Amino acid sequence: MTHSDEAAVQHSPHVPLQILAGPGSGKTKVLTSRIAYLIIQHRIAPSSICAVTFTNKAANEMRVRLTKLIGKEATSRLRMGTFHSLCARFLRMHANLAGLESNFTICDAQESQKIIAKLLKPFKNFLEDRNISLREGSVAWRISQAKSKGQGPDDVVAEAVKEKGMNGTIQKTPENLKDTDPTTYVIVEVFREYRITLLRSNSLDFDDLLLYGVKLFGTHKKVSMWCKHILVDEFQDTNTMQYELMTHIAAEHHCVTIVGDPDQSIYAWRSADVTNLKNMIRDFPATEQIFLEQNYRSTASILSLSLAIISEDKERIKKSLHTAHPKGPVPTQLCLVDEMKEAEFIATEIKRLVAVSGGMLTWSDFAILMRFTALSREIETALQRESIPHKVLGGHKFFERMEVKDILAYLQLVDNGSFLPAFNRCINNPPRSIGEKSVSQILQRAEKDKISALDLVERIHDGKVPDIKPPLKRKVATFISTIRTVRNLAKKRVSAAALIRTLLDLLNYEEHLKKTQDDWQNRWENVQELINFASKEHETIELPVPPEPKAGKENDPVASQLEADGFAVIDNNQKKKEAAEPSTDQAAETPLRLFLQASMLSTDTETKDKEDGEEKNKDKVVLSTCHSAKGLEWPVVIVPATENGVFPHIRSEDEAEERRLLYVACTRAQSLLYLLTTVERMVGGARKARDLSFFVTRAIKAKRDLITAMLPEATLENRKIMAGVLSRPLPPEAEIEKRLEEL
DNA sequence: CTACTATTTGATCCA
DNA sequence: CAAATAGTAG
Ligand SMILES: [Mg+2]
């Protein structure tokens, strides 16, 4: 550790701290060490430390690191996770204070969009008459943008009205919006109904988690009383709501540590705002800053090119960043004929590097970082053809699979009978001859009778209320009995994995897949993988509020009164709640509920395959978007399509952010970096001529030797450098010759 | 009314 | 290339 690293770790816990540093400077490691330092040196109880990471996967990685430093027990007590998952946890814990039911379901983006699509339909003619094309995607987007700024429908109206009309047009008012701004009018109307739908469904979308979280922590001080120190990683990519949340959680002790790098802010499109760095200094005037300037990750030539790229951002505040590593091979810029040749090159080059490195590099040392996922298609097939094992990183893809969503929907419905998206999905799946018309009848009557759709169907089934036109009673018999069976098991706190098995059995789901899907084998495997995920999740469940052991408190004079008080308040509150309604903490956190929450928020879906050869399974080339590569590093990074139209993306509105994204991609590399382009590429159905991104051409204008068209040479010198950068042993020369021959 | 097939459309990045 | 939509048979 350098002097400044140490200063950052050991900085006084009572003085708010910003650790600002470039890529590869060990920011996250410093943050992790600081947590350990707070616990060991300052005797702060782990349960009064809140650590916020950017993804839940990052939280898991931090947990692994901390387990080594402070042990499993202490690590499990930390309040750790993304802002979203922290909100979800505390909202369930204090559902009554937040005005929620503790069994609320998290509505993911896909389901949100489906709801919005339904709500948009009645406006179809209205829009067509005005020649406006408005798809549910853009409506969902606008609604989410508003929510992530804390705005409601009326605020959207207010904002639209504020815009001065163009010359000659009528000034907009809330009343005439329908005529003066029909698009916004429709968005706002859908927005209103969307909120009502979620409310009726006892459901929160991702934005709601933050909104309700801010409200909860902001209005009930006791909810955040436990927090003696909050630490936030990747702070440059927090949005306004998240920042507010941080200040509320820190309200009692004002002890905050953040790490971040403005140059790596790549989520402004999701309303992240780097000015939160300034806001923090405004709101915590005692804030001090520490800069880390040592890069431990990359060779000098990778760093030089990266810095040349980011330096083209004229708004940027200059930062120094240097590496102790040698220069190393100059990054390669190659132009291939088309995307097929590009993919082919990637596959053969990976094979070549594994050989010439004498096995120092294995598959998992390679990452292919793309601007968007669609670019992966050709590359995946090329890797398959060369039988190079690979995996697609990031995203939520697994949980978006049809078969996985089917199962999740049943479980959601079991946990929360009001959750309409799940009801709609399950009621006729597997097919029960309950079509569109029947469903809309059910929904309408349920709304009129002010009960949930599932409730209504259950009552019809029990013969307590009259049936609908095409009789439903007999069609839903198995549906209802399935739901009831699983529901009873769930109440007995049966594990999610067991619930899924029962469900599959009752639904005859395997048969259903065989009948309806030709690739049912793959899909059935995914279902099995969901069970794996459930059992894995069950093992690693961290209890939401582990009671502090008595002994720990007594040994811990600094972990003082306030903390004890904080817990006392929460505990009392729980007891009061128990009296008022039967939703105890225990009931609020059934295994099923924890599993569902993890499924909706998790990005960590690399389920380990079976018992055999775990190491082998992990050794795979990584395909990832640049966004999901945030915070990670690989010995070799290949960036395909470093072309104008991709970097910056043709539809992007923020050129500087696109540049930062390329910067982030380049700085993931430790020892080798490739920027690839093609002569022409299929873009939106047509072949188009491509050229090298101006982010690169401008960066190398003054210094052409920042990049080369040559492949990195397989010299001993280069192997030594690589071994040094990666801290790996140098392979024997014989090994290299052997592998080259095999190739 | 529902189930199934054929066609058209329209595609950044994410918790 | 997937999902929404239209159209047809049962
Ligand atoms: Mg980091």
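No hydrogens, no waters, no symmetry mates; every other heavy atom, side chains included, goes into these values. Note that this is a predicted model, so its numbers are computed, not measured.
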Can you find a side-chain donor-acceptor pair between A:Glu244 and A:Gln242 that sits under 3.5 Å?
no
Hey, which sits more toward the 5' end of DNA chain C by its nearest nucleotide, A:Lys124 or A:Gln110?
A:Gln110
Can you tell me if A:Trp269 is stacked onto the base of B:dC13, using a 5.5 Å centroid cut-off and an angle below 30°?
yes
Which whole-number value in Å describes the distance from [X] [atom1] to [N] [atom2]?
| X | N | atom1 | atom2 | value |
| --- | --- | --- | --- | --- |
| A:His84 | B:dC14 | NE2 | P | 14 Å |
| A:Ile106 | B:dC14 | CD1 | P | 19 Å |
| A:His627 | B:dC13 | NE2 | P | 9 Å |
| A:Phe372 | B:dC14 | CZ | C1' | 16 Å |
| A:Leu623 | B:dT12 | CG | C1' | 17 Å |
| A:Lys114 | C:dA2 | NZ | P | 16 Å |
| A:Arg523 | C:dA2 | CZ | C1' | 11 Å |
| A:Leu209 | B:dA15 | CG | P | 13 Å |

Side chain to side chain donor-acceptor pair (under 3.5 Å) contacts touching residues 116-131 of chain A (sequence neighbours left out):
none
Would you mind listing every side chain to side chain donor-acceptor pair (under 3.5 Å) that reaches into residues 640-653 of chain A, with sequence neighbours excluded?
A:Glu643-A:Thr678, A:Glu643-A:Arg681, A:Glu643-A:Arg690, A:Asn644-A:Asp691, A:Ser652-A:Glu658
Per-nucleotide protein contact string for nucleotides 2-11 of chain B, where B marks a base within reach and S marks sugar-phosphate only (heavy atoms under 4.0 Å, - for neither):
SS------SS
Tell me whether the side-chain N/O atoms of A:Thr373 come closer than 4.0 Å to OP1 or OP2 in B:dC13.
yes
Any side-chain N or O of A:Thr625 less than 4.0 Å from the OP1 or OP2 oxygen of B:dC14?
yes
Nearest heavy atom decides the nucleotide; on that basis, is A:Ser85 or A:Lys469 closer to the 5' end of DNA chain B?
A:Lys469
Apply salt bridge (charged side-chain N to carboxylate O under 4.0 Å, His left out) to A:Arg270 and A:Asp237, showing your working.
CA-CA 9 Å; A:Arg270 207 176 80 178; A:Asp237 278 320; over 6 Å; no
Go through the structure and list residues passing salt bridge (charged side-chain N to carboxylate O under 4.0 Å, His left out) with A:Glu136, not counting sequence neighbours.
none
For A:Gln264, the side-chain hydrogen bond (donor to acceptor under 3.5 Å, both in side chains) test, sequence neighbours excluded, returns A:Asp261, A:Arg668
Mind checking side-chain hydrogen bond (donor to acceptor under 3.5 Å, both in side chains) for A:Gln151 and listing every partner two or more places apart, or none if nothing turns up?
A:Glu159
Describe the nucleic acid contact of A:Phe83 in one word from base, sugar-phosphate, nothing, applying a heavy-atom distance below 4.0 Å.
nothing
Between B:dA15, C:dA4, B:dC13, which one does the side chain of A:Glu136 approach most closely?
C:dA4
